[in-house]
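Here the structure is laid out as structure tokens; the discussion comes afterwards.
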Amino acid sequence: MAGGKLSARQKMINLMYLIFIAMLALNMSKEVLSAFGLMNEKLTDANKSATERNASFMAGLDEKVGEQPAKYKPLREKAGKVDALAKDLNDYITKLKGDMTAKLDDPTNYETMDKGDYLDNFFFSPKGMSTEGKAFVEKIEGFKSGVNSILGDTYPEITKGINKDFSTEKVENKDGIKVDWLDYHYKGFPLVASLTKLTQIQADVKKTESQVLSAMLEGQLKSDVSLTNFEAIVVADKTAFFSGEKFKGKIVLGKKDKTLKAHKVIVNGKELDAESMQEGQTVLDFPAGNVGEREIKGEFQFKEGDSIITIPIESSYSVIPAPNTAVISADKMNVVYRGVTNPMTISVPGAPNVTASAPGLKKSKGSKYLMNVTNLKQREVKINMLKLL
């Protein structure tokens with residue numbers, strides 16, 4: 001532009017244009033560097049908030065373990081493994097970023113971070129990736145495979161996102177040539193651009209941890225409220241009814257949860273021992289008492305955070321005299337005849353689970369029996385009653 005048969009004046013004008021274009025390019029470059037720096041600052045602030053949220057989640061999970069260890073301890077163990085993997089990769093990148101900016105006079109002056117010498121020498125060697133570069137890639141791969149191993153096939157959408165965010169496969173460049181992931185993202189880039197990319201990886205780590213922890217807790221909560229964990233329980237108005245009475249009661253839904261254990265159970269003024277609380281249920285075992293109406297009163301106590309939640313126990317049962325007589329009758333006649341099958345009713349008042357046995361006697365259904373004495377020589381038959389527990 002400044003050569004040829006141009007006048008001295010035209011040559012000077014052309015030279016000034018070149019200087020002006022160079023100055024514009026320089027200013028644009030500084031603006032781009034500053035933009036990367038501002039983006040890095042915003043990502044850093046977001047990462048601090050994400051760290052606080054994840055820490056709060058882990059603290060809340062620790063409280064749940066203290067309240068209901070059988071239910072939340074396995075969940076806490078998985079969450080702890082994910083947290084350890086996230087912390088390991090995050091700490092590694094934090095140290096790397098510190099080393100990258102250690103010799104800068106002002107780490108916030110992004111316009112001076114236009115060189116890529118540090119990572120070019122740190123991650124790469126004349127033969128390709130350096131030992132440090134391979135270690136960096138292995139750290140990312142270790143985080144990805146570690147979290148996927150913990151999740152298994154439980155959360156496919158989260159696994160898909162992890163494989164995408166932390167992929168270190170070869171990347172196709174603008175010329176359509178596949179190059180190493182590390183070369184594509186970090187070789188020859190300004191320091192501030194690489195710094196921002198590393199901060200983005202930290203953001204992806206914290207996002208992944210948050211997604212995993214939230215999904216685990218959400219899965220537990222869904223399981224807790226699922227109707228498959230409920231059963232129908234018939235609750236009678238009283239535990240004994242007389243013949244001719246109408247049955248009165250109600251059906252309620254009760255939740256089956258073998259991991260749920262009360263902090264304390266008190267029945268009729270007595271605190272039950274730990275052995276009485278088994279697999280989400282409380283076993284009662286005490287003398288029935290004298291004949292008459294008896295009450296069961298007490299309370300469940302559950303720890304919830306810093307509070308004790310109390311659920312009252314109110315019920316009653318009837319104690320009736322133990323049966324000591326049996327009712328035996330021929331249904332169609334007052335006597336038992338030879339040569340025919342005689343229908344019989346045999347029962348013990350107040351004792352439903354009984355069985356009878358005698359020569360020629362055969363059970364039909366419930367308290368109904370059939371008796372044939374044709375082949376018996378004696379005129380009297382002894383019928384034995386057995387109460388089933």
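None of the values given here were measured: they were computed from a predicted structure.
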#### Entry: Heavy-atom side-chain contact between M129 and F136 under 4.5 Å
no
### Message
If you define the side chain from C-beta out and look only at heavy atoms, does anything of T44 sit under 4.5 Å from K48?
### Response
yes
### Query
Can you get from M39 to L198 by hopping between Ile, Leu, Val, Met, Phe, Trp and Tyr side chains that sit under 4.5 Å apart?
no
### Query
CD of E169: more than 12 outside heavy atoms within 6.0 angstrom?
no
#### Entry: Q202 side chain to T94 side chain, donor-acceptor N/O pair below 3.5 angstrom
yes
### Task
Group every Ile, Leu, Val, Met, Phe, Trp and Tyr by side-chain heavy-atom contacts under 4.5 Å, then state whether F143 and I158 land in the same group.
yes
#### Entry: Carboxylate-amine/guanidinium contact E141 K144, below 4.0 Å
yes
### Message
Could you check whether any side-chain N or O of D180 sits under 3.5 Å from a backbone N or O of D183, counting only pairs where one atom can act as donor and the other as acceptor?
### Response
no
### Message
To the nearest 0.5 Å, what is the distance between CG on N47 and CD on Q200?
### Response
8.0 Å
### Query
Considering only heavy atoms from C-beta outward, does the side chain of L43 approach that of T196 to under 4.5 Å?
yes
### Query
What's the verdict on side chain to side chain contact (heavy atoms under 4.5 Å, CB included) for V179 and K170, showing C-alpha distance, side-chain angles and the deciding distance?
CA-CA 5 Å; V179 297; K170 287 181 177 289; over 6 Å; no
### Distance in Å, Q211 CD paired with D204 CG, rounded so as to fall on 0.5 Å steps
9.5 Å
### Task
Kindly give the heavy-atom pair with the smallest separation between V192 and G37, and that separation in Å.
CG2-N, 3.6 Å
### Query
Taking a hydrophobic cluster as the set of Ile, Leu, Val, Met, Phe, Trp and Tyr residues connected by side-chain heavy atoms closer than 4.5 Å, whether directly or through intermediates, do L376 and I328 fall within one such cluster?
yes
### Query
Quick check: does any side chain N or O of S214 sit under 3.5 Å from a backbone N or O of S210, one acting as donor and the other as acceptor?
yes
### Query
Donor-acceptor pair, W181 side chain versus V171 backbone, under 3.5 Å?
no
### Query
Salt bridge between K368 and D331, side-chain N to carboxylate O under 4.0 Å?
yes
### Query
Taking the six-membered ring where the residue is Trp, are the ring centres of F36 and Y110 under 6.0 Å apart?
no
### Message
Rounded at 0.5 Å granularity, tell me how far OH in Y184 sits from CD in E172.
### Response
9.0 Å
### Task
Check whether more than 12 heavy atoms from other residues, nucleotides or ligands sit under 6.0 Å from atom CG of N384, and answer yes or no.
yes
### Query
Nearest 0.5 Å, what's the CG-CG distance between L33 and D114?
6.0 Å
### Query
Are L96 and F189 grouped together when hydrophobic residues (ILVMFWY) are joined by side-chain heavy atoms under 4.5 angstrom apart?
no
#### Entry: Donor-acceptor pair, side chain of K363 and main chain of G366, under 3.5 angstrom
yes
### Query
What heavy-atom pair brings A358 and V381 nearest, and what distance separates the two atoms?
CB-CG1, 3.9 Å
### Message
Hydrophobic cluster membership, with links at side-chain heavy-atom distances under 4.5 Å among I/L/V/M/F/W/Y: are L151 and L85 in one?
### Response
yes
### Message
Contact between T51 and K206 at the side-chain level, heavy atoms closer than 4.5 Å - yes or no?
### Response
yes
### Task
Decide whether a cation-pi geometry holds between K187 and F124; the criteria are a distance under 6.0 Å from NZ or CZ to the six-membered ring centre and an angle within 45° of the ring axis.
yes
### Query
Would a 4.5 Å heavy-atom cut-off, applied to side chains only, mark K362 and M371 as touching?
no
### Task
Please report the C-alpha distance between D83 and N54 in whole Å, then the side-chain angles of each, then the deciding distance to 0.1 Å, and finally whether the side-chain hydrogen bond (donor to acceptor under 3.5 Å, both in side chains) criterion is met.
CA-CA 9 Å; D83 185 61; N54 292 339; over 6 Å; no
### Pair K207 + D165: basic N to acidic O under 4.0 Å
yes
### Task
State, yes or no, whether a side-chain contact exists between I383 and Y369 at a heavy-atom distance under 4.5 Å.
no
### Message
Treating R338 as the side-chain partner and V373 as the backbone partner, does any N or O pair qualify as donor plus acceptor under 3.5 Å?
### Response
yes
### Task
Answer yes or no: is there a donor N or O on one side and an acceptor on the other, between the side chain of D175 and the main chain of I177, under 3.5 Å?
no
### Query
Between the side chain of N90 and the main-chain N/O of A86, is any donor-acceptor distance below 3.5 Å?
no
### Task
Take L370 and M344, measure what side chain to side chain contact (heavy atoms under 4.5 Å, CB included) needs, and give me the verdict at the end.
CA-CA 6 Å; L370 298 174; M344 309 281 291; over 6 Å; no
#### Entry: Derivation and outcome, side chain to side chain contact (heavy atoms under 4.5 Å, CB included), residues M58 and L213
CA-CA 9 Å; M58 295 297 289; L213 298 180; 4.1 Å; yes
### Query
For the atom pair CG (L38) and OG1 (T108), what is the distance rounded to the nearest 0.5 Å?
10.5 Å
### Task
Heavy atoms only: give me the nearest G152-T159 pair and the separation to one decimal.
O-OG1, 4.1 Å
### Message
Distance check, rounded to the nearest 0.5 Å: E77 atom CD versus K81 atom NZ?
### Response
7.0 Å
### Task
Examine the side chains of N372 and N342 and answer whether a donor and an acceptor come within less than 3.5 Å of each other.
no
### Message
Keeping K197 on the side-chain end and H185 on the backbone end, is there a donor-acceptor pair under 3.5 Å?
### Response
yes
### Message
Is the ring pair Y118/F122 parallel, tilted or perpendicular, if the boundaries are 30 and 60 degrees?
### Response
parallel
### Message
I'd like to check L195 versus M100 (side-chain heavy atoms, cut-off strictly below 4.5 Å). Are they in contact?
### Response
yes
### CA sep, side-chain torsions, deciding dist, call: L191, L104, side chain to side chain contact (heavy atoms under 4.5 Å, CB included)
CA-CA 11 Å; L191 180 64; L104 296 177; 4.0 Å; yes
### Query
Considering only heavy atoms from C-beta outward, does the side chain of N109 approach that of E111 to under 4.5 Å?
yes
## Note on the structure
Note: P156 and D153 closest approach over all heavy atoms is CD-O, 3.8 Å
#### Entry: salt_bridge(K95, D91) N-O dist < 4.0 Å
no
